[in-house]
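The structure appears right after this line, and notes come after that.
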Amino acid sequence: MRRLVAGTGWKMNNGIADSIRYAEELKARIASLDTSAIDIYVLPPFTSLAAAAQALAGSPVAVGGQNMHWEDAGSWTGEISAPMLLEAGCRYVELAHSERLRHFGETYELVRRKVDKAMSAGLTPIVCLGESAREKAEGRAGQVLAEQVLTSLGGQPDERVPEIILAYEPRWAIGAAEAASPAYIGERHRALRAVLRQRCGAGIAERTRIIYGGSVTPENARAILDIEDVDGLFVGRAAWRAEGFARIVERVADAAKMKTEDK
Ligand code: 13P
């Protein structure tokens with residue numbers, strides 16, 4: 001069975017002091033929940049990583065970076081490497097967020113190099129995948145997503161694929177008024193799992209987590225978690241305050257409990 005995931009990317013929010021406040025409040029709010037069956041992460045901005053990791057040490061909440069370079073060190077002004085993330089206390093690294101692709105010219109070829117580095121360094125990559133509104137309108141979502149996932153995973157042997165978290169985040173649903181519909185999310189997740197099955201075989205595809213992101217809220221979380229191939233939630237705005245993320249964590253922990261009882 002796949003462990004469900006509750007994650008949030010803070011984007012360019014929460015400096016050091018706010019991150020520590022957030023961490024303390026989150027720990028207090030989730031202390032009474034049984035989170036043993038789920039994985040939880042927050043992705044602070046780089047300057048807050050060490051402080052957040054320290055504040056969350058010993059809690060069920062892990063920390064990750066929002067981006068990373070594919071080299072360990074060198075003349076790469078403004079970049080951050082895998083060893084630096086590890087030293088700051090990170091367990092995860094987010095790659096290919098649509099805001100990185102759109103505003104900073106990242107490509108899936110570069111993402112593939114970053115995935116390879118993260119995997120060799122011992123960081124868990126969270127690889128974002130998503131079609132644009134136009135690609136969706138042209139009926140190309142399935143093809144675009146297949147290309148993105150196959151390119152990103154291109155350097156990895158099949159048996160390591162389940163160590164990677166895939167995040168389906170339709171670009172048109174990020175920062176939007178509403179999430180994608182459950183029916184549409186279900187269709188896309190099913191298709192992504194079929195791509196994994198084709199590339200890596202049924203066993204690997206069954207073990208690989210595909211989480212959903214894009215205008216998730218505590219209110220719509222349950223309906224999205226009910227979708228068969230959805231293995232967790234990746235939240236932006238609704239989790240920028242600890243109270244909001246704690247509510248999401250509670251929904252994911254409840255969903256994990258229900259899935260266990262169903263088995
Ligand atoms: P919103 O939840 O604000 O739409 O952002 C989602 C996101 O970008 C998660 O990576």
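Ligands are counted one by one from 1 in listed order, and the atoms in each one are counted from 1 as well.
- Under 4.0 Å is where a charged nitrogen must lie from a carboxylate oxygen, and between Glu138 and Arg134 at least one such pair does.
- For atom 5 (O) of ligand 1, the closest non-hydrogen atom on the protein side is Lys11 NZ, 3.4 Å.
- Here atom 4 (O) of ligand 1 lies nearest to Gly175 when heavy atoms of Ala167, Gly236, Gly175, Ser98 are compared.
- Considering backbone and side-chain N/O of Glu169, one or more are found under 3.5 Å from N/O of ligand 1.
- With a 4.5 Å cut-off on side-chain heavy atoms, Ile16 and Ser19 do not count as touching.
- By the 4.5 Å heavy-atom criterion applied to side chains, Val93 and Ile126 are not counted as neighbours.
- Within 6.0 Å of atom CZ in Arg91, 12 or fewer heavy atoms from other residues, nucleotides or ligands are found, so the atom counts as exposed in its surroundings.
- For ligand 1, the atoms sitting less than 4.0 Å from at least one non-hydrogen atom of Ile174 are 4 (O), 5 (O), 8 (O), numbered in the order shown with element in parentheses.
- With ligand atoms numbered from 1 in the order given, ligand 1 contributes 1 (P), 2 (O), 3 (O), 4 (O) to contacts under 4.0 Å with heavy atoms of Arg237.
- At a 4.0 Å cut-off, at least one heavy atom of Ser215 sits close enough to ligand 1 to count as contact.
- Within a 6.0 Å radius of CZ in Arg3, more than 12 heavy atoms belonging to other residues, nucleotides or ligands are found.
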